[in-house]
There are 2 protein chains.
Amino acid sequence: MELPIDLFEKLNSFSEPELQKEILKNGKIIKASKGDILIREGQYLNFLPIVIHGLLRVYQENEDREILLYYVGPKQTCMMSLSAAYFDYYSTANGIAMEPSEILVLPSHLIAEWQLKYPSWNKFILRTFKSRYDELLNAFGNVAFKPINLRVKEYFSDYVKNHGTSKIPISHQILANELGTTRVVISRILKQFEKDNLIKLSRGSIEYQA
Amino acid sequence: MELPIDLFEKLNSFSEPELQKEILKNGKIIKASKGDILIREGQYLNFLPIVIHGLLRVYQENEDREILLYYVGPKQTCMMSLSAAYFDYYSTANGIAMEPSEILVLPSHLIAEWQLKYPSWNKFILRTFKSRYDELLNAFGNVAFKPINLRVKEYFSDYVKNHGTSKIPISHQILANELGTTRVVISRILKQFEKDNLIKLSRGSIEYQA
DNA sequence: TTGGAAGTGTACCTTTTGATACACACATTT
DNA sequence: AAATGTGTGTATCAAAAGGTACACTTCCAA
């Protein structure tokens, strides 16, 4: 697909004109529909996706459960692919489009090259590494030490903080998939929360009252 | 402390003579005794430690428990400090010397500067980010999905693989601290393993028979 | 040599989490 | 309206993990 002229209005972290030229020359844009799986566990990765608009969800699977790793929003990229750029790498996670998304795709081998040439690119790479690491470290501590009901509560307050609305459109099953547990466990916890007047339940959404 | 001439025989990842000169000029070496705490949770970090010899253990605490994040061996550095180099950062983990250690300490502000100038330094930084991320991702999946007895078994087989000996000198309490659980839980699991002829128990050490 | 610290074994009980099963409500499609 | 799929509530049972307590052993230092 053609690379549009206004690409760098959206991806405004890449400031050097030379870098922009290289991106236009080597990148291509793909459109993903909601539900498209872009990366599978075990897949060999030789490209770097940067979200222009839309949202990707990256998660790990284990038999009948899954757990969220992180979301990739506009101007962001995916750690799996980034790891792959420097060393051979097979993905240990899955990536799926949560919304119709437009994604800039770059070949892996350019990542390291540009990183030495363009400071804004370098900063982008390092910011990704750092913030994904921090995110994961935080999630790790939560899973290791906190009971699920607390993790549900934090999920809600994070959601409300990030979305500016206290109405959370999510089913119990999906919430279980975010936190790495099962639907029944979540339903039980939510019912207790409702009794405690912490939330109001309705089909397909939860009103968080904090 | 004086920087010794043979430093770069031990830290042989830094190849550029200019880089070596800069390290000699700006770094200093500290000696840590076994048990010295080098980094505390909440501490503001403005230095990067690179282990010359010895071993650091980096872990998270939670009330009465703790869990291993990673070890820092010779030629390696600590993610907490590395994160700190690019953005203001307060440590979310603790670091303690497990053995008498010699550590090269560099001021944070040089990390980003050198990274643009010296490819071998850049590679060191990125390899650190990547391998620490992979490590953590693996640990995350384990904590999220695997029961503790399996995690104990994996701890043993990893240990044996890395140390080339099937005799693991560790107490039940310390093992609990590695895995984020409590002593009683570990003792119970180990006793069961012994009944299954998977290990032989003795005071202060465990013989893994795989 | 003795007293305390550290390490281990284990019993008992509670809490948390998970597995399975089933009823019913709501929504969408035919 | 009937059929189907998805979402939710909840009961029952089992397994995993944790908390507390205490006895006993081994080691080490005073």
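As a basis for the values below, the full set of heavy atoms in this structure was taken, side chains included, without hydrogen atoms, waters or symmetry mates. Every chain is numbered from 1, with letters handed out A, B, ... down the list of sequences.
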Determine the contact category for Leu190(A): base if any of its heavy atoms lies under 4.0 Å from a base atom, sugar-phosphate if only primed atoms, P, OP1 or OP2 are that close, otherwise nothing. nothing

Can you find a pair of side-chain heavy atoms, one from Ile206(A) and one from Leu201(A), that are under 4.5 Å apart? yes

Go nucleotide by nucleotide along DNA chain D from the 5' end; which of Asn149(B) and Ile170(A) gets its closest nucleotide reached first? Ile170(A)

Side chains of Ile168(A) and Leu175(A): does their closest heavy-atom pair fall under 4.5 Å? no

Side-chain N or O of Ser171(B) versus OP1/OP2 of dA6(C): is the shortest distance under 4.0 Å? no

Can Arg132(A) be said to sit on top of Tyr70(A)'s aromatic six-ring, NZ or CZ under 6.0 Å from centre and within 45° of the ring axis? yes

Could you tell me if the side chain of Asp6(A) sits less than 4.5 Å from the side chain of Lys10(A), heavy atoms only? yes

For the pair made of CD1 in Ile148(A) and C1' in dA19(C), what is the distance, rounded to whole Å? 14 Å

Look at the side-chain N and O atoms of Arg65(A) and state whether any lies under 4.0 Å from the OP1 or OP2 oxygen of dG18(C). yes

Mind running salt bridge (Lys or Arg N to Asp or Glu O under 4.0 Å) on Glu194(B) and Lys191(B) for me, showing each step along the way? CA-CA 5 Å; Glu194(B) 194 178 41; Lys191(B) 190 43 84 179; 2.8 Å; yes

Would you mind checking if Lys31(A) and Glu102(A) are paired as a salt bridge, meaning a charged N to carboxylate O distance below 4.0 Å? yes

Rounded to whole Å, CZ of Arg183(B) lies from P of dG9(C) at a distance of 8 Å

Both Arg188(A) and Arg203(B) contact DNA chain D. Taking the nearest nucleotide for each, which residue is further toward the 5' end? Arg188(A)

Please find the earliest and latest nucleotides of DNA chain D, in the 5' to 3' direction, that have an atom within less than 4.0 Å of any heavy atom of chain A. dG5(D) to dA11(D)

